[in-house]
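Remember, it's 1-based here, ligands and their atoms both numbered in the order they're listed.
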Amino acid sequence: MTSILNADLHCHSVVSDGTLTPEELAQRASANGVELWALTDHDEIGGQARAAAAAKACGMRYLTGVEISVTFLHQTVHIVGLGFDPDNAALAAGLQQTRGGRRERALDMAKDLERVGIQGAFEGALTYAGNPNLISRTHFARYLVETGVCKETAEVFRKYLTEGKPGYVEHRWATLKDAVTWITGAGGMAVVAHPARYKFTANEEFALFTEFKGHGGQGVEVVTGSHTAAEYLSYAAVAKDYGLAASRGSDFHSPLDSHTELGTLPYLSGTLTPVWELLSARIQ
Ligand code: AMP
Ligand code: MN
Ligand code: MN
Ligand code: MN
């Protein structure tokens with residue numbers, strides 16, 4: 001397969017912090033011309049069987065997917081896993097362990113929001129969580145928009161829930177080594193998600209990519225809804241410099257608050273090795 005393929009290998013359903021079901025996402029992706037799709041819910045693979053079946057029904061090829069939260073040098077980094085065996089026990093156990101702290105964190109976030117006069121945020125956020133085990137900042141953001149505290153989710157993240165702001169609670173996620181090992185141990189490929197989003201210095205970013213490769217990571221998102229066109233170019237160069245395969249994905253969450261629609265990003269440059277070239281044996 002060439003790089004000229006409408007592959008969308010990053011999006012979220014109600015199983016994590018998206019608002020559409022796996023079936024609705026499959027139909028939407030297919031209607032937008034997606035040829036190869038992956039559902040990559042945060043820290044959770046409970047939607048994989050439904051997504052694979054829905055992709056087949058729509059005539060799309062499918063790769064299993066997940067987006068794992070990792071703590072690296074005091075920041076949260078996301079590692080996408082693609083093409084793993086969804087029945088792998090170590091992967092399931094690792095994901096369950098990393099999901100474990102979310103409820104307690106959410107209770108602490110709500111307590112901190114009470115400090116600034118916002119009541120009932122935990123219960124409010126929970127009503128937006130399709131999966132109560134995966135309560136996330138996105139669900140708090142939807143609640144704060146719905147109750148009129150903010151106009152849109154971007155404003156919530158600017159004023160609340162981020163470092164130094166009310167509602168932010170420091171959290172320790174999986175290690176980089178664990179996340180990469182869970183994915184590769186299950187036969188999949190680990191991919192650094194939206195690298196331009198992190199606030200690393202050049203030295204820290206070098207550490208991220210060298211350690212990631214050292215643990216067996218093989219890919220990096222180049223064309224993503226989280227990057228600008230200039231960042232497509234800078235991370236295409238990073239992919240080449242580190243010898244990583246390149247991925248493409250919208251990071252679509254919801255028709256209401258996602259700025260990038262499924263399957264509508266530019267193609268990967270033909271000078272890159274697409275992740276799907278290395279994953280051909282894992283495509284369903
Ligand atoms: P959590 O895993 O609970 O920390 O929530 C992280 C999620 O919040 C991400 O996956 C995004 O969906 C969402 N998010 C983070 N930052 C922003 C932002 N600035 N604007 C909108 N959504 C954001
Ligand atoms: Mn999300
Ligand atoms: Mn992410
Ligand atoms: Mn994502």
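Between K240 and T271, the shortest heavy-atom contact is NZ-OG1, 3.0 Å.
For H12, every N, O or S atom stays at 2.8 Å or more from the Mn ion (ligand 2).
No side-chain donor-acceptor contact under 3.5 Å links H139 and D17.
Electrostatic pairing of D85 and R282 does not count as a salt bridge here, judged by no charged N lying under 4.0 Å from a carboxylate O. For the pair R99 and E44, the salt-bridge criterion is met [side-chain N within less than 4.0 Å of a carboxylate O]. Between K199 and E204, none of the side-chain N atoms (NZ, or NE/NH1/NH2) sits under 4.0 Å from a carboxylate O, so this pair counts as no salt bridge. Ionic pairing of E155 and K159 is present here: one or more N-O contacts between side-chain nitrogen and carboxylate oxygen are shorter than 4.0 angstrom. Between D108 and R105 there is no salt bridge, since no side-chain nitrogen of the basic residue lies less than 4.0 Å from a carboxylate oxygen of the acidic one.
Ring geometry, H12 versus H42: the interplanar angle falls under 30°, so the pair is classed parallel (tilted spans 30 to 60°). By the 30° and 60° cut-offs, the orientation of the rings of F212 relative to F209 is perpendicular.
Listed by chain and number, the protein N, O or S atoms at a distance under 2.8 Å from the Mn ion (ligand 3) are E67 OE2, H78 ND1, H194 NE2.
Per residue D17, closest N, O or S atom to the Mn ion (ligand 2): atom name OD2.
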Using a cut-off of under 3.5 Å, which N/O atoms of ligand 1 pair up with protein N/O atoms, and what distance separates each pair?
from, atom 1, to, atom 2, distance (Å)
ligand 1, 2 (O), R102, NH1, 3.4
ligand 1, 2 (O), R102, NH2, 3.1
ligand 1, 3 (O), R102, NH1, 3.1
ligand 1, 3 (O), R105, NH1, 2.8
ligand 1, 3 (O), R105, NH2, 3.4
ligand 1, 3 (O), R137, N, 2.9
ligand 1, 4 (O), R105, NH2, 2.7
ligand 1, 4 (O), R137, NE, 2.8
ligand 1, 4 (O), R137, NH2, 3.2
ligand 1, 8 (O), T138, OG1, 3.2
ligand 1, 10 (O), H42, NE2, 2.8
ligand 1, 12 (O), D17, OD2, 3.1
ligand 1, 12 (O), T138, OG1, 3.4
ligand 1, 12 (O), H253, NE2, 2.9

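In this structure, Y168 is not a member of the same hydrophobic cluster as L107, with clusters built from ILVMFWY side-chain heavy atoms closer than 4.5 Å.
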